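What follows is a short report on a single structure.
Letters A, B, ... mirror the listed sequences (proteins, then strands); counts begin at 1. All values derive from a computational prediction rather than experimental measurement.
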2 protein chains.
Amino acid sequence: MTTELDATAAARLRDADQRYTTSRRQIVGILAEAGRPLTIAEVQAASGGLPQSSAYRNLAVLEQAGVVRRVLATDEFARFELAEDLTEHHHHLVCTRCGSVLDFTMSSALEEALERTARTVRARTGFTVQAHRLDLTGVCADCAD
Amino acid sequence: MTTELDATAAARLRDADQRYTTSRRQIVGILAEAGRPLTIAEVQAASGGLPQSSAYRNLAVLEQAGVVRRVLATDEFARFELAEDLTEHHHHLVCTRCGSVLDFTMSSALEEALERTARTVRARTGFTVQAHRLDLTGVCADCAD
DNA sequence: GCGCATTTTGAGAATGATTCCCATTTAGGT
DNA sequence: ACCTAAATGGGAATCATTCTCAAAATGCGC
């Protein structure tokens, strides 16, 4: 885990009147190393014994502080990743067979085209766009027969 | 509800060895008129007394038959819309305050650029892309102060 | 039209991810 | 070190969703 990530996470928790405790720091480290959204069970497994209630509570705290983002894919499990401004802008490959989620990035030309479109939406609909979310759904390499 | 939609829904249910019952037809009609994804509660309200268990069961049947698609947004409620090949290809505006979901469409140039990108993903990652899903998240007109 | 076999329905129970509760532990400031 | 406020963790509670099963509806052959 990079020092800046650690410092940024600490600062955001402080702004939210929350402490950057050992297990919160550990969760941030686990998500940083994963490079893909993790389920609660995966976070617990990687942590070696973090209680379920602490995992849920601390991920909720980190989410409210803007350190972590909740990702809903297709299965019944919520997944968590670092907030995008702490990593890189990216999108998700969602497997419709097993539910797994992988990260991927697109060309900046396409990203900019999306941004331009997003800016036109407000005038047309009254909806104020804050972010975009692009998932490609399909079958991951593991599930391909 | 258009006659073709009705016929297509009937055909898909038949292919799935399911009947196109009155309440299933009613649900299809409700979703067709809504023009946006509806929660179970909204479907029930529009139907005038459809029991919850029937709403869940019939939406699940319609989903398996490929007539209806389940949409996960940001709140805890699943929403349902007609399958895309029964309507038009579109995307969603997801309000982060109230959870509501609206439809919108993008230029075909941008859609084609997305498709081209999707086709490169398989070579790079081994993931076979079947569809894409683009949501713009933000604040809807109703929730804007 | 009539009964039979099969499917659908609906009310409530069961499930399971997530959230809440609260007594105990931990940590920060003085 | 002390004291106060916050965090922890085990388990209970919540709630959207799914399952169960007896009753009702439907389609089909005669």
Side-chain angles (χ1 to χ4, degrees), chain A residues 6 9-30 37-65 67-81 98-101, chain B residues 6 9-28 30 37-45 47-65 67-81 98-101:
Chain A
D6 217 35
R12 292 196 185 172
L13 282 169
R14 209 179 310 119
D15 287 349
D17 292 314
Q18 294 285 346
R19 295 179 186 166
Y20 195 33
T21 63
T22 304
S23 67
R24 291 174 188 174
R25 184 187 311 256
Q26 186 189 17
I27 289 170
V28 170
I30 287 167
L38 298 183
T39 61
I40 292 277
E42 287 172 329
V43 170
Q44 283 188 87
S47 73
L50 182 65
Q52 196 180 52
S53 59
S54 296
Y56 274 106
R57 180 162 21 74
N58 284 328
L59 281 164
V61 168
L62 289 166
E63 186 186 15
Q64 279 169 6
V67 177
V68 152
R69 185 169 66 156
R70 184 184 302 245
V71 176
L72 300 178
T74 57
D75 59 17
E76 65 267 40
F77 304 104
R79 286 153 209 269
F80 296 87
E81 65 183 4
C98 70
S100 71
V101 182
Chain B
D6 217 35
R12 292 196 185 173
L13 282 169
R14 208 179 310 119
D15 287 348
D17 292 315
Q18 295 285 344
R19 292 179 187 165
Y20 195 33
T21 63
T22 304
S23 66
R24 290 174 188 174
R25 183 188 312 255
Q26 186 189 16
I27 290 171
V28 169
I30 288 167
L38 298 182
T39 61
I40 292 278
E42 287 172 329
V43 171
Q44 283 187 86
S47 74
L50 181 66
Q52 195 180 51
S53 59
S54 295
Y56 275 107
R57 181 164 18 73
N58 284 328
L59 281 164
V61 167
L62 289 165
E63 186 185 15
Q64 278 170 6
V67 176
V68 152
R69 185 169 66 157
R70 184 184 302 243
V71 176
L72 300 179
T74 57
D75 60 16
E76 65 266 42
F77 304 104
R79 285 153 208 270
F80 296 87
E81 65 183 5
C98 71
S100 71
V101 182

Legend entry - Where E42(A) and L38(A) come nearest, the two heavy atoms and their spacing: OE1-CA, 3.2 Å
Inset, instruction - Establish whether the base of dA7(D) is bridged to the side chain of T21(A) by a donor-acceptor pair shorter than 3.5 Å. - result: no
Legend entry - Whole angstrom value for the distance that separates P of dC19(D) from CD of E76(A): 11 Å
Legend entry - Distance in angstrom units between R79(B) CZ and dT17(D) C1', rounded: 15 Å
Inset, instruction - State, to 0.1 Å, how close G99(A) and T74(A) come at their nearest heavy-atom pair, and which atoms those are. - result: CA-OG1, 4.2 Å
Legend entry - Any Y56(B) side-chain nitrogen or oxygen under 4.0 Å from OP1 or OP2 of dT18(D): no
Inset, instruction - To the nearest Å, give me how far apart CG (D75(B)) and P (dT18(C)) are. - result: 14 Å
Inset, instruction - Output yes when a side-chain donor or acceptor of Q64(A) lies under 3.5 Å from a complementary backbone atom of V61(A), and no otherwise. - result: no
Inset, instruction - Could you please name the option among dA17(C), dT18(D), dT26(D) that lies closest to any side-chain atom of R19(B)? - result: dT26(D)
Legend entry - Under 3.5 Å donor-acceptor, R24(B) side chain and R19(B) backbone: yes
Inset, instruction - Ignoring backbone atoms, test whether R57(A) places a side-chain nitrogen or oxygen under 4.0 Å from the OP1 or OP2 oxygen of dT8(D). - result: yes
Legend entry - dT8(C) phosphate, OP1 or OP2, under 4.0 Å from N58(B) side-chain N/O: no
Inset, instruction - Quick one: label Q18(A) by what it contacts on the DNA or RNA (base, sugar-phosphate, nothing), any heavy atom closer than 4.0 Å. - result: sugar-phosphate
Inset, instruction - Rounded to the nearest angstrom, tell me the gap between atom CD in Q26(A) and atom P in dG9(D). - result: 10 Å
Inset, instruction - May I have the distance from R25(B) (atom CZ) to dA25(D) (atom P), rounded to whole angstrom? - result: 18 Å
Inset, instruction - With heavy atoms under 4.0 Å as the rule, sort A60(A) into base, sugar-phosphate or nothing. - result: nothing
Inset, instruction - Give a yes/no answer on whether the side chain of S53(B) brings an N or O atom under 4.0 Å of OP1 or OP2 in dA11(C). - result: no
Legend entry - Most 5' of Q52(A) and F77(B) on DNA chain D, judged by nearest nucleotide: Q52(A)
Inset, instruction - Of all the heavy-atom pairs spanning L72(B) and A73(A), show the shortest one and how long it is. - result: CD1-O, 3.1 Å
Inset, instruction - Grab the CG-C1' distance between L13(B) and dT8(C) for me, whole Å please. - result: 13 Å
Inset, instruction - Taking only the side-chain nitrogens and oxygens of R24(B), find out if one of them lies under 4.0 Å from OP1 or OP2 of dT9(C). - result: yes
Inset, instruction - May I have the distance from L59(B) (atom CG) to dG10(C) (atom P), rounded to whole angstrom? - result: 13 Å
Legend entry - d(CD, Q64(B); C1', dT17(D)) in whole Å: 14 Å
